[in-house]
2 protein chains.
Amino acid sequence: MGIDRKKLIVEAATKSFSQFGYKATTIDQVAKIANVGKGTIYTFFKNKEELFDEIISSLIKELKVTADEAFLGDLPFHEKLHQALYQILEFRMSHQLSIKLFQEAREIGTPAVVDVINRMENNILRNIEERVSKAIETGSIQSCDPKVTAVVMLKLYIALIFDWEKNNPPLEKDEIAKLFEQYIFKGLAK
Amino acid sequence: MGIDRKKLIVEAATKSFSQFGYKATTIDQVAKIANVGKGTIYTFFKNKEELFDEIISSLIKELKVTADEAFLGDLPFHEKLHQALYQILEFRMSHQLSIKLFQEAREIGTPAVVDVINRMENNILRNIEERVSKAIETGSIQSCDPKVTAVVMLKLYIALIFDWEKNNPPLEKDEIAKLFEQYIFKGLAK
DNA sequence: AAATGACCAAATGAACATTTCAGTCAATTT
DNA sequence: AAATTGACTGAAATGTTCATTTGGTCATTT
């Protein structure tokens, strides 16, 4: 068999989206990087957005794998959850494509990119929600609404990492773990 | 004495900023509404931004009064805090000038408006931080970093009100109070 | 001394010209 | 005949020009 053109296209597009973002990536550009005629791209993908969506689906899968790894050991639930949330936000900060997309959503607001970021966030939330549900069932934590809890936990992490850093020196990973435990698990009440 | 022109100007500007936002408000417009010559405005304010800042200072004071009222009764600390945070976000959602400014910051990103919103948020944070500090001193809550705690609490409220509403039916005020207590004060640990 | 509005330079945006780009399809290659 | 290609197209983005608007000043009026 010949070369896998679809793979070449996806790789080229990933490279270009990572470097220039979604809007600034042209199909001609992708075709050139992939060493493929422009028309070939349209034999595999209906349009630019579908190509983008396929790449994002991979990204989401990768992200899920990363998060799931955090739940493998036999640490207490709150530590596993900390690990998972931290990895998710770490991913967002270190993965080139991720960085570029958040930047594009913030600075330009490209609709397709905003949509995709919401899709990612919803996936994360559903994942956390499921973990919380299981933890309630197994009695690891108190009963609570898993959906609300997932939103609260993710936003707490975003607050501790991104919002805090806007005006203050960043917190260390273990500081964040301690704060997470203190606020959400132990509580501030005496 | 004649009419208080400064007051007329401030009232006119407040009206116009509330209706059209900062950028879309012209000094000519303000002068006209205030029934005052344009030059008169510049005898009281160095420029458009200073006029804006003075109005925002009032807004911040008003907001502080609203928040402080929540701490008057003799409810438990977490209930007072809930009341204060809720009032602050309620204010943001019902006060016309506030609404318009958040909209302008989001949709246009006018620098002067973004600055002003940060100023408001910092004021809120400092206020909460102080209340938390006092609560620690008086032994109402466990020891914790008041600054981090203030950020966490405010962001938790924003999550429960604004972020939650993006994908779900809004939570009632007393539901929010219960969630706040459950997550931050009691904790999820068993 | 306080208030004013005509005036100016800079910013804005409407109108038009040009370029870019996503997507198509007839021709070419395998 | 199936897969691949790149020249082509209309629509949308971008660049350009220029008249209008606007923040701020200051000589004149009150």
Side-chain angles (χ1 to χ4, degrees), chain A residues 1-56 100-101 104-105 107-116, chain B residues 1-56 100-101 104-105 107-116:
Chain A
M1 78 171 203
I3 22 173
D4 183 346
R5 289 179 204 284
K6 183 169 179 182
K7 199 182 159 199
L8 285 179
I9 291 165
V10 169
E11 282 170 0
T14 303
K15 203 177 285 181
S16 186
F17 288 145
S18 300
Q19 194 166 1
F20 307 109
Y22 176 74
K23 204 186 165 192
T25 288
T26 68
I27 295 292
D28 280 302
Q29 164 110 283
V30 173
K32 202 173 224 172
I33 298 176
N35 269 313
V36 139
K38 197 212 286 226
T40 310
I41 294 177
Y42 288 90
T43 64
F44 294 109
F45 303 95
K46 215 181 85 228
N47 53 36
K48 187 180 175 184
E49 196 158 349
E50 264 199 9
L51 170 57
F52 186 46
D53 282 345
E54 177 148 329
I55 288 170
I56 294 303
K100 199 74 202 173
L101 294 181
E104 187 171 346
E107 290 173 12
I108 318 185
T110 319
V113 176
V114 173
D115 284 356
V116 142
Chain B
M1 71 164 210
I3 20 172
D4 183 347
R5 291 182 204 286
K6 183 170 180 181
K7 198 180 161 198
L8 285 178
I9 291 164
V10 169
E11 281 170 2
T14 303
K15 203 177 283 179
S16 185
F17 288 144
S18 299
Q19 192 166 4
F20 306 109
Y22 177 73
K23 204 185 164 193
T25 288
T26 68
I27 295 292
D28 278 306
Q29 164 111 281
V30 174
K32 204 173 221 170
I33 299 175
N35 270 313
V36 140
K38 198 214 287 223
T40 310
I41 294 178
Y42 288 89
T43 63
F44 293 110
F45 303 96
K46 213 180 88 228
N47 52 37
K48 187 180 176 185
E49 195 158 349
E50 264 198 12
L51 170 57
F52 186 46
D53 282 345
E54 176 147 331
I55 288 169
I56 295 303
K100 199 73 203 175
L101 294 181
E104 186 171 348
E107 290 173 12
I108 319 185
T110 319
V113 176
V114 173
D115 284 355
V116 141

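In the text below, chain A, chain B and the rest are named by the order of the sequence lines, each starting its count at 1.
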Atom-to-atom span, [atom1] of [X] to [atom2] of [N] - whole angstrom:
| X | N | atom1 | atom2 | value |
| --- | --- | --- | --- | --- |
| B:Ile9 | D:dG24 | CD1 | P | 14 Å |
| B:Phe44 | D:dG24 | CZ | C1' | 17 Å |
| B:Phe20 | D:dT22 | CZ | P | 12 Å |
| A:Arg5 | D:dT5 | CZ | C1' | 10 Å |
| B:Asp4 | C:dA3 | CG | P | 10 Å |
| B:Tyr22 | D:dT22 | OH | P | 14 Å |
| B:Lys46 | D:dT25 | NZ | P | 10 Å |
| A:Tyr42 | C:dC21 | OH | P | 12 Å |

Nearest listed nucleotide, side chain of [X], among [options]:
| X | options | result |
| --- | --- | --- |
| A:Lys38 | C:dA22, C:dT12, D:dG24 | C:dA22 |
| B:Thr43 | D:dG24, C:dT4, C:dT24 | C:dT4 |
| B:Val36 | D:dA7, C:dT12, C:dT4 | C:dT4 |

5' precedence on DNA chain C between A:Thr25 and B:Gly37 (nearest-nucleotide basis):
B:Gly37

Is the terminal nitrogen or CZ of A:Lys7 (NZ for Lys, CZ for Arg) located under 6.0 angstrom from the six-membered ring centre of A:Phe44 and within 45° of that ring's axis?
no

Touch class at under 4.0 angstrom, heavy-atom based, for A:Thr26 against every strand present:
sugar-phosphate

Using a cut-off of 4.0 Å on non-hydrogen atoms, how would the nucleic acid contact of B:Lys48 be classed: base, sugar-phosphate, or nothing?
sugar-phosphate

With distance as the sole test, does A:Thr25 use its side chain to make a donor-acceptor pair with the main-chain N or O of A:Ser16 at under 3.5 Å?
yes

Check: A:Glu104 side chain, A:Thr110 main-chain N or O, donor-acceptor pair, under 3.5 Å:
no

Nearest heavy-atom pair of B:Tyr22 and B:Lys48: which atoms, and what distance?
O-NZ, 3.0 Å

Gap between atom CG of A:Asp28 and atom CD1 of A:Ile33 - 0.5 Å precision
11.0 Å

Would one find a side-chain N or O of B:Thr40 under 4.0 angstrom from OP1 or OP2 of C:dT4?
yes

